Amino acid sequence: MQWIIDISYFVVAALFILGLKAMSSPVTARKGINWAGVGMILATLVTFLTPGMRNYGLMLLAIILGGGVAWVLGKRVKMTDMPQMVAVYNGMGGGAAAAIAALEFARGEVTGAVVTTLAVLGALIGSVAFSGSIVAFLKLQGLMKKAWKVPGQNLFNGLLALITVLLGALIIASGPSTPVLLLFFLLALVLGVVLVAPIGGADMPVVISLLNAFTGLAVGFEGYVLHNPALIIAGIVVGASGILLTQLMAKAMNRAITGVIFTPITGEAQASAGGPQGTMKEVGAMDAAAMMRFAQKVIIVPGYGMAVAGAQHKVWEMAKLLEEQGVDVRFAIHPVAGRMPGHMNVLLAEAGVPYDRIFDLDEINSEFPLADVALIIGANDVVNPVARHDRSSPIYGMPILDADRAAQVIVNKRGKGAGYSGIENELFFQDNTSMLYGSAQQAIADVITNIKSLG
């Protein structure tokens, strides 16, 4: 029986790695998800063959309940709510790893210095990932609208982390006792809350990928505690890919990961400086339609405003109309546009936009000076020119899309307020920029109507 389990785990590992590799390209991403899904099903089924395994009824009940809830939520979730779902599912993984550690400690199954250390590390990281992901969900869902801080935030975080680590060291050195374990888990959960609560929307893509890496590490550690190769491999793969993704996201924002945690962007620095000064010029749907209809090249920059309005289908309909009139239309995607890595790519793919029309920052930036019109739909920080020259700005040094260098810029946003990060955008006040106010869904629909009337 054991040889069947070992071979199955080897196949599971191969499927996980192949699936992750396939997910690196939008062309093969769906295939990769299917491969990884098959691997997960196989790993779950093989668990029933483990010698000494009991409680099959409870295992089946958990699979049915968990799988049923996930199936329903997966079918019903809106594309705009995908970041929230990712945060919740990521939190569940971290919480499960922490729960495994708690159960193993309670049963007295954790023995040996190495195993105990890994169990404590998994419990700590998993607890932080769980509570931190829940806070990320509340922020993304709009239930926690402001960054929450305590006086001396970094000092408080440091002391809380130190006390939690010391409790973990006590568990390793002296063995687990119920009061110490309860206090350890409680403080670890609080640590996750206080770490993520002050972080604003501008840093959220980095936070989500970082919490994902935490979950992977926690699962890998607990896999070692359980002597389960599938959990070890899955945790290592998720943890390693999450760390690499976090580094890429941080690089795309020119932000150190420590800066995201200890000096989050909240917009307060920009607000205290007064922000850009000037007047925003409004443009109507008819004029916006004419500017794009008679252009040779239009570059569309989608942002979270497009996601909130669910306007990706209308945007693609408009792009096809322009292409029929001989306009070269391209989409420019910043790595941290939206609320999670790849958010805009997912929305555009869902609308049917071909992959060869979508370009990342490095590929498209040189083309903005050649574009007649840059249409920005709900994006803010990723096109803010202050990132290039204003050293006092929290986003100074962040690579941005050079939309301001197009001949004309049209910015669609719901109102005159600052973006999600709270930082005012200098682009909105430039001479070549016009503001198209209104929900992206309705604004783009009006533009489409006027493009058709122009023939």
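Since we're looking at a predicted model, the values are computed, not measured.
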Please report the shortest heavy-atom distance between [X] and [Y], naming the atom on each side.
X      : Y      : value
Met92  : Phe130 : CE-CE1, 3.5 Å
Asn365 : Asp402 : OD1-N, 2.8 Å
Leu454 : Phe294 : CD1-CE1, 4.3 Å
Ser8   : Val46  : CB-CG2, 3.3 Å
Ala295 : Val298 : CB-CG2, 3.9 Å
Tyr355 : Ala349 : CE2-CB, 4.3 Å

Who are the side-chain contact (heavy atoms from CB on, under 4.5 Å) partners of [X], not counting sequence neighbours?
X      : value
Leu231 : Val219, Leu226, Asn228
Pro354 : Trp316, Asp356, Arg357
Ala161 : Leu191

Any side-chain heavy-atom pair of [X] and [Y] under 4.5 Å:
X      : Y      : value
Met82  : Val346 : no
His343 : Ile208 : no
Thr215 : Leu211 : no
Val315 : Pro302 : no
Val128 : Leu195 : yes
Tyr437 : Arg414 : no
Phe48  : Leu60  : yes
Ile376 : Leu401 : no

Between Val193 and Leu189, does a side-chain contact (heavy atoms from CB on, under 4.5 Å) hold up when you go through it step by step?
CA-CA 7 Å; Val193 172; Leu189 291 170; 6.0 Å; no
[X] side chain vs [Y] backbone, donor-acceptor pair below 3.5 Å:
X      : Y      : answer
Thr44  : Met40  : yes
His334 : Pro399 : yes
Asp372 : Gln296 : yes
Gln153 : Val194 : yes
Ser131 : Val190 : no
Thr433 : Leu427 : yes
Gln441 : Gly310 : yes
Lys413 : Asn380 : no
Asn384 : Glu426 : yes
Asn412 : Leu375 : no

State which residues pass side-chain hydrogen bond (donor to acceptor under 3.5 Å, both in side chains) with [X]; sequence neighbours excluded, sorted by chain then number.
X      : result
Ser133 : Asn90
Glu222 : none
Gln325 : Arg293
Gln141 : Gln84

Straight-line distance of [X] [atom1] to [Y] [atom2], nearest 0.5 Å:
X      : Y      : atom1 : atom2 : answer
Lys139 : Ile134 : NZ    : CD1   : 14.0 Å
Tyr89  : Phe137 : OH    : CZ    : 11.5 Å
Ile410 : Leu436 : CD1   : CG    : 7.0 Å
Asn212 : Leu245 : CG    : CG    : 7.5 Å
Ser366 : Phe359 : OG    : CZ    : 10.5 Å
Ile444 : Ile377 : CD1   : CD1   : 4.0 Å

Would you give me the side-chain donor-acceptor pairs under 3.5 Å for residues 445-453, sequence neighbours excluded?
residue : atom : partner : partner atom : Å
Asp446  : OD1  : Gln442  : NE2          : 2.8
Thr449  : OG1  : Ala445  : O            : 3.1
Asn450  : ND2  : Asp446  : O            : 2.7
Ser453  : OG   : Asn450  : O            : 2.7

Could you go step by step and tell me if Met344 and Val382 meet the side-chain contact (heavy atoms from CB on, under 4.5 Å) rule?
CA-CA 13 Å; Met344 294 300 107; Val382 297; over 6 Å; no
Pair Leu348-Met306, side-chain contact (heavy atoms from CB on, under 4.5 Å): steps then yes or no:
CA-CA 10 Å; Leu348 294 179; Met306 185 189 77; 4.0 Å; yes
Sidechain N-carboxylate O distance under 4.0 Å for Lys320, Glu317
no
Verify the neighbour count for atom [atom1] of [X]: are there more than 12 heavy atoms of other residues, nucleotides or ligands below 6.0 Å?
X      : atom1 : result
Phe10  : CZ    : no
Tyr224 : OH    : no
Lys281 : NZ    : yes

Side-chain donor/acceptor pairs under 3.5 Å, residues 28-36, sequence neighbours excluded:
residue : atom : partner : partner atom : Å
Thr28   : OG1  : Ala22   : O            : 2.6
Asn34   : ND2  : Arg30   : O            : 3.3

Can you list every pair that meets salt bridge (Lys or Arg N to Asp or Glu O under 4.0 Å) and has a residue in residues 227-252, with sequence neighbours left out?
none
Applying salt bridge (Lys or Arg N to Asp or Glu O under 4.0 Å), can you list everything that pairs with Asp360, at least two apart in sequence or on another chain?
none
Show your working on side-chain contact (heavy atoms from CB on, under 4.5 Å) between Ile300 and Met318 and close with a plain yes or no.
CA-CA 11 Å; Ile300 300 174; Met318 179 193 68; 3.8 Å; yes
Please list all pairs passing the side-chain hydrogen bond (donor to acceptor under 3.5 Å, both in side chains) test where one or both residues lie in residues 63-73, with sequence neighbours left out.
none
